[in-house]
Each structure stands twice: as C-alpha cells, then as structure tokens.
Participant: 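The structure follows.
Predicted model only: the values in this text are computed from it and were never measured. These numbers come from the heavy atoms of this one structure, side chains and all, not from hydrogens, waters or symmetry mates.
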Amino acid sequence: MKIALIKYNAGNVQSVLYALARLGVDAELTDDPEKICSADRVIFPGQGEASSAMAYLRERNLDQVIREVKQPFLGVCLGLQLLCTHSEENDTTCLGIFPQLVKRFIPSASGQEKVPHVGWNSLENLVDNPLIKDLPDAKYMYYVHSYYATLGEGTIASTQYIHDFTAILHRNNYWAIQAHPEKSSTLGEKLLENFLALPST
Amino acid sequence: MLTKRIIPCLDIKDGRTVKGINFVELRDAGDPVALAKLYSAQGADELVFLDITATVDKRKTLVDLVTQVAKEVRIPFTVGGGIASLQDVYALLAAGADKISINSAAVKTPQLIDQLAKEFGSQCIVVAIDSRCSDGVDLVYTHGGRTGTSFQSKDWAKELADRGAGEILLTSMDQDGTKEGFALELTAEISSDLPIPVIASGGAGSMIHFKEVFTTGKADAALAASIFHFKEIGISELKMYLEEEGVVVRN
C-alpha cells in the first residue's frame with residue numbers, strides 16, 4: 001500500500017511516520033501532486049499555524065490537489081482545521097471540504113479550563129462509521145490545540161472541553177481527527193488501522 | 001472530560017536511565033526505551049526524559065535515544081536537560097520529541113522562550129521552574145538547584161506564560177525527595193494564576209499525595225520518579241484509586 005503524507009512544513013510529521021511504521025506500512029512525505037494523487041491513502045498531518053500552512057499549500061497548488069483526491073484522505077489536528085471552511089486563526093480561508101468553522105477556545109470564566117486544551121480527553125456521541133468501529137472501551141485521545149472545529153454536518157464524534165466541539169469528521173472520501181492518533185496509545189493505533197483498512201476508491 | 005495526567009520522569013545519563021530502578025520484568029532496567037514502553041503499557045499519560053549528561057559530545061546519544069523512543073512509544077514525551085538554543089530544540093523535535101523542557105537557559109535568556117514559541121509553537125515548549133522557599137519567599141533556582149536567583153517563582157511563572165511557554169513544570173525543591181507530598185499551596189497559587197497548564201513535581205510518596213495535588217493543588221498533571229521506579233506505587237493502581245476518589249483520569 002502506498003501512503004502519501006502531505007508535506008507542508010507542519011510539525012510532528014515524524015511521529016505520524018513512526019506510527020505508520022509500527023503498523024507495518026511505509027509512508028512517503030511529499031508535496032509532489034502526482035505522488036499524492038497516485039497514492040492509495042493520503043494523510044494530511046500537522047501542527048502549526050493556519051494562514052502560513054494555507055499559503056504554503058496554495059503556492060504549490062496543493063489546495064486544488066487536496067480538493068480533487070479520490071482515495072481515502074485523513075486530516076490530523078491542523079489537517080482537520082484546514083479541511084474546514086474558515087479559521088479564526090489569522091482570519092484564514094481554508095479548503096472548504098467540511099462546512100465547519102474553526103474558532104479559538106475562550107477560557108471559561110471560572111479559569112478552571114485553560115487554553116490550549118492539552119491532554120487526554122474522551123470521544124463522545126460516536127456515529128456508526130468505519131473509521132471508528134471496534135474501538136477499545138476507554139475512548140481517550142491525546143489533544144494539543146487552541147482552535148477547534150464547530151459541530152455540524154459530518155461530525156461523527158465530539159469531545160467536551162469548555163463546550164462540545166468536533167473530534168472526528170467524515171464526508172465522502174475525507175476523514176479528519178482533531179486529536180493525535182499517532183500519540184493516542186491503543187485507541188489511536190486502532191483508528192489508524194481502521195483508516196488503512198478502508199476500501200480503496 | 002479532560003483528564004488529569006500522570007507523568008513518570010526518567011533521568012538519563014549517556015543514553016541510559018540512572019537512579020535506581022527496580023523492575024524484575026525488565027531484562028535491562030537501564031534501558032530507557034524498555035522502561036518507557038512498560039510505563040506506557042501501565043497507563044502513563046506522558047513521559048519526561050531528563051538528560052543529566054554532562055558533556056556536550058555525548059549529547060548526540062540523547063538524539064539517538066529520542067529517535068528510539070519516538071519509534072516505539074505511542075504516548076507523548078518531553079525531553080529536557082541542558083537545552084540552550086534553537087538548534088538544540090530543533091534537533092530533539094526533528095528526532096521525534098513532542099515537547100522540550102528548558103530551565104536554566106530560560107532564566108539566563110528569557111527572550112529564548114519567545115523565540116522558541118514563535119519558531120516551534122507554544123504547545124511544545126515546557127518551561128521548568130525549580131522553586132525553593134527562602135524566608136517565606138518562593139524563589140527560582142537553576143543548574144539543577146545549585147544556583148539561586150532573585151526571581152520570585154510566581155512572577156516568573158507569569159512571565160513565562162506571557163512569553164509563550166505552553167506548560168510549566170513546577171518542582172518544589174523543598175518537597176523533592178521527602179515523600180511527604182507535593183507543595184500544595186505553591187502549586188495552587190501558581191496554577192490558579194496561570195492561563196496554561198501546570199505539572200506539579202517533587203514530594204510524591206503515596207497515592208493520596210496525587211489526589212491532593214489535583215484537588216487542593218489545582219495541578220493539571222503530576223510528575224514523579226522514584227516511587228514509580230521502585231514500584232512503591234503502580235501507575236494503573238494509582239489511576240484506579242484516583243478514579244474512585246473522583247479525580248478524572250484516563251483508565
């Protein structure tokens with residue numbers, strides 16, 4: 001199986017490569033549209049800032065490539081946010097695969113809940129979907145983020161922090177996860193395994 | 001709900017864990033990767049590797065170790081000890097560390113925090129504060145606690161948050177090694193004052209100490225070393241206890 005990891009100077013890419021290697025698959029980090037389009041799976045990983053990431057994608061025409069891919073596609077963390085319509089992070093127009101808006105967490109008035117949202121939090125309101133089938137009972141994933149996607153069409157799991165937000169998205173061949181499956185122990189590994197097992201298109 | 005984190009800390013010298021470690025199930029208790037995997041399997045939420053290697057040329061060993069850990073461990077980990085420049089941070093993050101922890105260099109050059117946060121993002125910059133109470137005032141110490149400063153711990157923590165630190169690792173030198181419990185007042189004072197998470201460290205001796213630091217101490221995470229290494233407290237057993245006591249943990 002050929003897996004392309006979209007290269008756009010995002011952080012934390014190495015961890016995703018290692019997580020895939022633990023599952024016995026090699027992935028290639030690339031910004032070459034041909035390689036991305038001919039892969040069996042595409043992963044859009046990342047940590048970073050929305051506007052500079054979008055600028056990097058546009059310069060290389062990768063925004064168009066991402067909109068056109070037909071094979072199973074997985075956005076992770078910033079990758080999820082960039083698949084949404086708009087991000088409050090430096091007022092950025094994103095790719096618009098999902099109708100969700102990306103907003104900044106506003107710390108609760110009590111000061112109990114801090115921003116960024118860092119640590120292990122649970123998946124809730126899971127919808128029947130091949131990406132999230134047969135998960136272990138303890139559904140905790142590791143999060144590190146200051147911006148979140150609102151709930152809406154395509155939300156197949158939510159997480160609660162200050163309020164409910166989108167944990168996992170699905171539409172057509174696009175899936176996206178706000179948490180870091182590559183750092184989320186057994187549950188994260190199962191999600192990646194499920195992604196690799198999706199029928200090819 | 002967001003859970004409280006339990007973080008074992010491994011001291012590393014020349015690529016090996018040091019301080020006594022008592023694990024019969026490990027063939028080689030000095031191997032940090034084996035120990036990291038074991039803690040991860042027991043339910044540790046994150047790991048911290050603190051490099052106490054003295055010489056610069058042996059630092060390459062640390063990068064090799066980080067690569068090995070990143071390849072084999074499925075939970076986030078932080079690397080600290082002697083980090084003083086953007087290059088140091090770049091090398092460790094590129095090798096697969098999720099976060100880095102800096103201490104003395106931040107006190108010497110506070111602007112370094114701003115630079116690191118801008119370059120790599122706040123989420124991967126942990127700043128460690130070693131705090132000791134002197135005449136009723138909590139002051140910052142550096143160089144493994146050997147060098148005193150005139151910085152008040154509370155003010156310094158605020159400045160670090162303003163400069164873009166993502167988390168504070170707060171060690172009470174007064175409590176460290178005593179097994180009498182975490183510095184609850186100091187932790188609570190700093191944690192309630194800050195918009196960023198606080199990891200409490202120093203003094204863990206029993207399970208109730210963890211409960212106290214998450215409730216009274218308002219800590220977001222708790223770090224300990226020897227009680228885990230010597231199996232005085234098992235991580236899964238600790239988490240079951242905390243859950244029974246109403247502390248939300250990942251079980």
Side-chain angles (χ1 to χ4, degrees), chain A residues 10-23 46-49 52 77-78 105-108 110-124 136-147 159-162 164 179-190 192, chain B residues 1-7 37 40-47 66-77 89-90 92-99 118-126 161 165-168 191-199 218 220-221 239 243 248-251:
Chain A
N12 214 32
V13 173
Q14 197 57 55
S15 300
V16 178
L17 290 170
Y18 288 147
L20 292 168
R22 285 195 292 270
L23 291 170
Q47 248 175 24
E49 189 275 321
S52 49
C77 194
L78 180 64
F105 280 120
I106 297 170
S108 56
S110 66
Q112 288 282 46
E113 288 158 314
K114 301 168 178 181
V115 177
H117 171 220
V118 182
W120 296 81
N121 203 332
S122 46
L123 297 177
E124 314 279 351
D137 289 338
K139 293 182 179 53
Y140 288 102
M141 296 201 76
Y142 186 78
Y143 287 86
V144 189
H145 61 130
S146 299
Y147 292 82
T159 289
Q160 199 274 332
Y161 189 67
I162 305 178
D164 285 354
H180 288 278
E182 73 279 11
K183 287 286 159 182
S184 295
S185 194
T186 317
L187 177 71
E189 197 161 272
K190 182 66 188 165
L192 291 175
Chain B
M1 265 180 90
L2 182 65
T3 58
K4 300 289 189 183
R5 287 172 279 158
I6 301 293
I7 309 178
K37 285 173 84 168
S40 170
Q42 291 172 347
D45 296 304
E46 284 184 43
L47 298 166
V66 168
T67 307
Q68 279 312 307
V69 174
K71 277 185 182 168
E72 299 195 35
V73 174
R74 302 177 302 180
I75 59 172
F77 67 97
V89 174
Y90 179 79
L92 294 169
L93 293 179
D98 297 286
K99 312 177 193 181
K118 187 163 176 276
E119 185 74 21
F120 305 106
S122 293
Q123 83 288 336
C124 63
I125 310 301
V126 179
E167 290 177 83
I168 301 293
S191 185
S192 16
D193 219 25
L194 288 189
I196 57 173
V198 172
I199 305 161
K218 299 183 168 33
D220 299 282
K239 290 184 120 184
E243 191 170 39
V248 183
V249 290
R250 176 178 69 107
N251 257 339

Participant: So for Glu49(A), is it side chain, backbone, both, or neither that comes closer than 4.5 Å to the heavy atoms of chain B?
Facilitator: neither

Participant: Under a 4.5 Å heavy-atom cut-off, does chain A meet the side chain of Arg250(B), its backbone, both or neither?
Facilitator: both

Participant: Taking all atoms of both residues into account, what is the closest heavy-atom pair of Ile75(B) and Asp98(B), and its distance?
Facilitator: O-OD2, 4.2 Å

Participant: Looking only at side chains, do Thr159(A) and Tyr143(A) share a donor and an acceptor under 3.5 Å apart?
Facilitator: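 Short answer, yes.
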
Participant: If you count heavy-atom pairs under 4.5 Å between each of Leu93(B), Asn251(B), Val248(B) and chain A, which one has the most?
Facilitator: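 Sorted descending by pairs with chain A, the first entry is Asn251(B).
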
Participant: Return the minimal non-hydrogen interatomic distance between Cys77(A) and His180(A), and the atom names on each side.
Facilitator: SG-NE2, 3.4 Å

Participant: Looking only at heavy atoms and a cut-off of under 4.5 Å, which of Ser122(B), Cys124(B), Pro197(B), Ala221(B) has the most pairs with chain A?
Facilitator: Pro197(B)

Participant: Please look at Val115(A) and chain B and tell me whether the side chain, the backbone, both or neither of the residue comes under 4.5 angstrom of a heavy atom of that chain.
Facilitator: backbone

Participant: Return yes when atom NZ of Lys218(B) has more than 12 non-hydrogen atoms of other residues, nucleotides or ligands closer than 6.0 Å, and no otherwise.
Facilitator: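 Counting neighbours around NZ of Lys218(B), 12 or fewer heavy atoms of other residues, nucleotides or ligands fall under 6.0 Å, so no.
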
Participant: For Thr67(B), give me all partners under side chain to side chain donor-acceptor pair (under 3.5 Å), at least two apart in sequence or on another chain.
Facilitator: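 Testing Thr67(B) for side chain to side chain donor-acceptor pair (under 3.5 Å), a comparison that skips the adjacent residues, returns none.
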
Participant: What part of His117(A) gets within 4.5 angstrom of chain B, counting heavy atoms only: side chain, backbone, both, or neither?
Facilitator: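 Side chain of His117(A) only, per the 4.5 Å heavy-atom cut-off to chain B.
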
Participant: Tell me, out of Gln123(B), Lys4(B), Lys71(B), Glu46(B), who's got the most heavy-atom pairs with chain A below 4.5 Å.
Facilitator: Lys71(B)

Participant: Tell me which of these, Ser192(B), Ala41(B), Ser191(B), Ala97(B), has more heavy-atom pairs under 4.5 Å with chain A than the rest.
Facilitator: Ser191(B)

Participant: Any non-hydrogen side-chain atom of Met141(A) less than 4.5 Å from a side-chain atom of Pro181(A)?
Facilitator: yes

Participant: Once the angle between the rings of Phe105(A) and Tyr161(A) is folded into 0 to 90°, is it parallel (under 30°), tilted (30 to 60°) or perpendicular (over 60°)?
Facilitator: perpendicular

Participant: Below 4.5 Å from any heavy atom of chain B, which atoms of Glu124(A) appear? Answer side chain, backbone, both or neither.
Facilitator: side chain

Participant: Can you check whether Leu17(A) reaches Gln14(A) side chain to side chain, under 4.5 Å on heavy atoms?
Facilitator: yes

Participant: Need one label for Ser15(A): side chain, backbone, both or neither, based on atoms under 4.5 Å from any heavy atom in chain B.
Facilitator: side chain

Participant: Heavy-atom cut-off 4.5 Å, strictly under: side chain, backbone, both or neither for Glu167(B) against chain A?
Facilitator: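 Just its side chain gets close to chain A.
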
